[in-house]
Student: 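One structure is given below, represented as structure tokens, and several questions about it will come after.
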Amino acid sequence: MNGKTTALLLSLLAFAACKPDVPAPQPQDIQFIGIIDNGASKASVGIDNGRYSPVWAAGDEILITDGTSYVTYSASEGGSARSSFSSTAADAFQETAGVVSGKGFTAYYPADLLENMFLPAVRTYSLPPFEGSPMMAVSDNTILPFKSICGMLCLKFTSSEGVTVKTLRIDAEQGMSGAYTINGGQAVIEGTDGVTIDCGEGIAVSDEPVPFYIEIPAGRYSGIRLMACTTDGHEYILDELPKVMNVERAGLYTYPLSFERLECQKAVLPEGRVFNVAIKQVAGAMVKEATKNAGMVKSIEFVTGSSSTEGEEIQDPLSKKKIYARFNAADSILTITTEATEFYASPDASYMFANFNKLIEIKNIEALNTADITSMRSMFENDKTLGSLNLSGFNTSKCTDMRSMFNFCSKLASIDVSGFNTAKVADMDSLFMNCSSLILADLSSFNTSEVTTMKYMFYNCNSMESVNISSFNTSKVTDFTYFFYNCKSLKETGDLNFDLRSAVVMDYFFCNCSSLENIDLSVWNTRNSQPSMTYFFFGMNNMREMHLGSEFCLSSKPSYFFTSGDQNTYYFACNTLKVDIYCSPEVAEWLATTNLRWIHSGYSNKIPATITFFQWDSGGEIEVTWAAN
């Protein structure tokens, strides 16, 4: 080797020794691109010139997996069908020198899709944009082509006469809602449930097409049935949808439909007494009258949307849908079924469930459409073992008669009648009579402006502690006899804002309300109507304070107003022996001459009671002259 070569080698070696090390490539977090395929998919799908334009919204979250790890990514921007997605998670997917790690990616929208693989059977009516419509993407790179795992039906309704849709239901022989799995990128339903669109207060349909969107899994459907229920209680069955329908992923299927081509189909129950006898006979009772007891039935259950034809037909002759009743003696359950979505009660529903004296429950009573009922007389009378009733969904807007509706429901401890519209009811005679287990009665929603009789209304409700009847309009009521008779546990009446201009008889009104300590009747005016009030305050053993205002008085002096004259033990204030009464001086003098004097003198129990009168408005004490016995 010559000198020049040696020098050159030494120079190169020196240079190599001085050159800095080059760092190895560092892994970088992957940024994905999500692209939504055309079609009715994605939460923010919109309508642009009649075409669907699916777009991402900034912050939309997706879940990405490579088969091992699962990482949530968020959309960086919104407003279009294409968006970049990034993640701040420590375990975000990474790439090295432009090479994507992993063998492929599967992405889901929304990000919790795998934890919530369920399509609800009942959905609220909505228009685009649709939030949370499930999508899925499969890719071997960072470009994720999202596509809905379902298809979308768009049913466009018109009506020349105008209808308001309450619910819309679609069924098929295959399932459209419920739990699902994903196979080949599309949802596969495990059950057979259909879909009901709940339209809330109602969606009005007229000449202009109104769309109803229903998202269902992709697949082949047969035996399709479409039912619409309007707010006026009519049910329509549509026969013009295809009997077989193929639905593809992300497909949009539009069908124009008209209510003029819909046939009203109602399951109408017989008149109340006829229905009562019919189901008792199905259960094996040898009865011919609704007033006769049947003790074999413990449970009555209403079932809608049923294809079962088991049992005996019991529908009204005018019913478009058949109704079947069957009885299982082994468990004492009487089942009433129909293919329709609800049962329509006859206008005369009197005695409908009366005299089932072993009946414990009525299941799915909310399936009973009561919009046409005018009479509910004795509807549940003498159901002595019925423990609770939720009738809050009852439509009573046409009802005029509620006489004895719950009479002798002696085990009824809980009742909800908060939805009752009583604006047309004229007769409430014995409404809760002998409901001896009822603890609370909230009738604050009642409109009683047309009621003429309230006699025996709470007769013998001896467990009732509180009642709210503050909304009662009693201007037309003539008969209040035995209104609170024997309500021995009653401690609170609330505001009794009674208008007594029409009152004729009020005998025994508070008789034996032995727990009532305070009462406020300060707005009562009996001066003009002067009703009969015999035994009105009889047996109010614990009374301490009364507010009677200035117009509570009669021209006559009833002999048995506060107590009887035979020295019995159930007289007024026999436990407290001290009562403060707020009224006018005129009323105070009038009370001192009724048989309240027997309480004051001790004639009734040999122990005088201190009765003190006070001015109803100022509270000043009033001196009176007590009449002799």
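Side chains included, hydrogens not; waters and symmetry mates left out as well; all remaining heavy atoms used.
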Student: Would you call the rings of Phe380 and Phe353 parallel, tilted or perpendicular, where under 30° means parallel and over 60° means perpendicular?
Tutor: parallel
Student: What's the separation between atom CG in Asp429 and atom CE in Met454, rounded to the nearest 0.5 Å?
Tutor: 11.0 Å
Student: With a 4.5 Å cut-off on side-chain heavy atoms, are Trp590 and Leu554 touching?
Tutor: yes
Student: Can you name the nearest heavy-atom pair linking Ala325 to Ile279, along with the distance?
Tutor: CB-CG2, 4.4 Å
Student: Does a donor on one side chain sit under 3.5 Å from an acceptor on the other, for Asn460 and Ser436?
Tutor: no
Student: Does CD belonging to Gln530 count more than 12 external heavy atoms closer than 6.0 Å?
Tutor: yes
Student: Hey, would you say the Phe552 and Trp616 ring centroids sit under 6.0 Å apart?
Tutor: no
Student: So does Ser397 get a backbone contact from the side chain of Asn395, meaning a donor-acceptor N/O pair under 3.5 Å?
Tutor: yes
Student: Looking just at side-chain N and O atoms, do Asn390 and Ser392 make a donor-acceptor pair shorter than 3.5 Å?
Tutor: yes
Student: Kindly indicate, with the supporting measurements, whether the criterion side-chain contact (heavy atoms from CB on, under 4.5 Å) is fulfilled by Asn473 and Thr448.
Tutor: CA-CA 5 Å; Asn473 178 341; Thr448 61; 4.0 Å; yes
Student: Keeping Ser471 on the side-chain end and Ser444 on the backbone end, is there a donor-acceptor pair under 3.5 Å?
Tutor: yes
Student: Do Thr563 and Asn595 have side chains that approach each other closer than 4.5 Å (heavy atoms only, starting at C-beta)?
Tutor: yes
Student: To the nearest 0.5 angstrom, please state how far the CE atom of Met428 sits from the NZ atom of Lys455.
Tutor: 15.5 Å
Student: Any heavy-atom pair between the side chains of Lys166 and Thr164 that's under 4.5 Å?
Tutor: no
Student: Does any N or O in the side chain of Arg527 come within less than 3.5 Å of the main-chain N or O of Ser550, such that one atom is a donor and the other an acceptor?
Tutor: yes
Student: Name the one of Phe509, Tyr456, Phe432, Tyr459 that satisfies ring pair (Phe, Tyr, Trp, His ring centres under 6.0 Å) with Phe483?
Tutor: Phe509
Student: Would you say NZ of Lys321 has more than 12 non-hydrogen atoms from neighbouring residues, nucleotides or ligands within 6.0 angstrom?
Tutor: yes
Student: Could you tell me whether the side chains of Ser470 and Asn468 share a donor-acceptor contact shorter than 3.5 Å?
Tutor: yes
Student: May I ask you to decide if Gly494's main-chain N or O and Glu492's side chain share a donor-acceptor pair within less than 3.5 Å?
Tutor: yes
Student: Do the side chain of Thr478 and the main chain of Thr452 share a donor and acceptor less than 3.5 angstrom apart?
Tutor: yes
Student: Give a yes or no answer on whether the side chain of Ser502 reaches the backbone of Val477 with a donor-acceptor pair at less than 3.5 Å.
Tutor: no
Student: Does Thr158 form a side-chain contact (heavy atoms from CB on, under 4.5 Å) with Asp207? I'd like the steps, not just the answer.
Tutor: CA-CA 5 Å; Thr158 58; Asp207 293 334; over 6 Å; no
Student: Looking only at heavy atoms, what is the nearest atom pair of Asn369 and Ala371, with distance?
Tutor: OD1-N, 3.0 Å
Student: Which heavy atom of Phe458 sits nearest to which heavy atom of Ala441, and what is that distance?
Tutor: CE2-CB, 4.2 Å
Student: Here's a test for you: under ring pair (Phe, Tyr, Trp, His ring centres under 6.0 Å), which of Phe480, Phe484, Tyr482, Phe538 qualifies with Tyr508?
Tutor: Tyr482
Student: Please tell me whether Ser514 and Asn512 have a donor and an acceptor in their side chains that are separated by less than 3.5 angstrom.
Tutor: no
Student: Tell me whether Glu465 is salt-bridged to Lys491, with the criterion being a basic N under 4.0 Å from an acidic carboxylate O.
Tutor: no
Student: Just verifying a value: how many Å separate Ile300 CD1 and Ile333 CD1, rounded to the nearest 0.5 Å?
Tutor: 11.0 Å
Student: Within this structure, what is the CE-CZ distance for the pair Met433 and Phe406, rounded to the nearest 0.5 Å?
Tutor: 15.5 Å
Student: When you look at Tyr582 and Glu545, which way does the side-chain contact (heavy atoms from CB on, under 4.5 Å) test go after all the steps?
Tutor: CA-CA 8 Å; Tyr582 292 79; Glu545 184 175 305; 4.0 Å; yes
Student: Between Lys424 and Glu450, does any NZ, NE, NH1 or NH2 come within less than 4.0 Å of an OD or OE carboxylate oxygen?
Tutor: no
Student: In Å and rounded to the nearest 0.5 Å, what is the CZ to CE distance from Arg273 to Met352?
Tutor: 13.5 Å
Student: How about Ser378 and Glu381: does a side-chain donor come under 3.5 Å of a side-chain acceptor?
Tutor: yes
Student: Just by modelled atom types, is the Ser418 backbone N or O under 3.5 Å from a matching donor or acceptor in the Ser445 side chain?
Tutor: yes
Student: Which heavy atom of Lys292 sits nearest a heavy atom of Asn355, and at what distance?
Tutor: O-CB, 3.5 Å
Student: Identify, with sequence neighbours excluded, every residue that meets side-chain contact (heavy atoms from CB on, under 4.5 Å) alongside Arg597.
Tutor: Trp626, Ala627, Asn629
Student: Please evaluate residues Asp383 and Cys409 with respect to the criterion side-chain contact (heavy atoms from CB on, under 4.5 Å), reporting the C-alpha separation (whole Å), side-chain torsions for both, the decisive distance (0.1 Å), and the verdict.
Tutor: CA-CA 5 Å; Asp383 290 342; Cys409 290; 4.3 Å; yes
Student: Are the side chains of Leu516 and Met543 in contact, using a 4.5 Å heavy-atom criterion?
Tutor: yes
Student: For the side chain to side chain contact (heavy atoms under 4.5 Å, CB included) test, which of Ile611, Val579, Val624 pairs with Leu596?
Tutor: Ile611
Student: Check whether any side-chain heavy atom of Thr374 sits under 4.5 Å from a side-chain heavy atom of Pro347, and report yes or no.
Tutor: yes
Student: Can you name the nearest heavy-atom pair linking Ile373 to Ser346, along with the distance?
Tutor: CG1-O, 3.4 Å
Student: Within the structure provided, determine whether Met506 and Trp524 are in side-chain contact (heavy-atom separation under 4.5 Å).
Tutor: yes
Student: Measuring from Phe561:CZ to Ile599:CD1, what's the distance to the nearest 0.5 Å?
Tutor: 12.0 Å
Student: Quickly, which of Val297, Asn382, Leu386 forms a side chain to side chain contact (heavy atoms under 4.5 Å, CB included) with Phe356? Name it, please.
Tutor: Val297
Student: Ion pair present between Arg403 and Asp401, side-chain N to carboxylate O less than 4.0 angstrom?
Tutor: no
Student: Does a side-chain heavy-atom distance below 4.5 Å link Val303 with Asn364?
Tutor: no
Student: Is there a donor in the side chain of Thr304 and an acceptor in the side chain of Glu342, or the other way round, less than 3.5 Å apart?
Tutor: no
Student: Is there a donor-acceptor pair closer than 3.5 Å between any side-chain N or O of Lys358 and the backbone N or O of Thr385?
Tutor: no
Student: Taking the side chain as every heavy atom from C-beta outward, state whether Pro608 and Thr610 have any pair of such atoms under 4.5 Å apart.
Tutor: no
Student: Hey, would you say the Phe157 and Phe212 ring centroids sit under 6.0 Å apart?
Tutor: yes
Student: Write down the atom of Met533, the atom of Asp507, and the distance for their closest heavy-atom approach.
Tutor: N-OD1, 3.3 Å
Student: Step through the shown structure and confirm whether more than 12 heavy atoms of other residues, nucleotides or ligands are within 6.0 Å of CD on Glu208.
Tutor: no
Student: Indicate yes or no for a side-chain donor-acceptor contact from Thr474 to the backbone of Asp499 under 3.5 Å, with no hydrogens or angles considered.
Tutor: yes
Student: Using modelled atom types and a 3.5 Å cut-off, is there a donor and acceptor pairing between side-chain atoms of Ser532 and backbone atoms of Val505?
Tutor: no
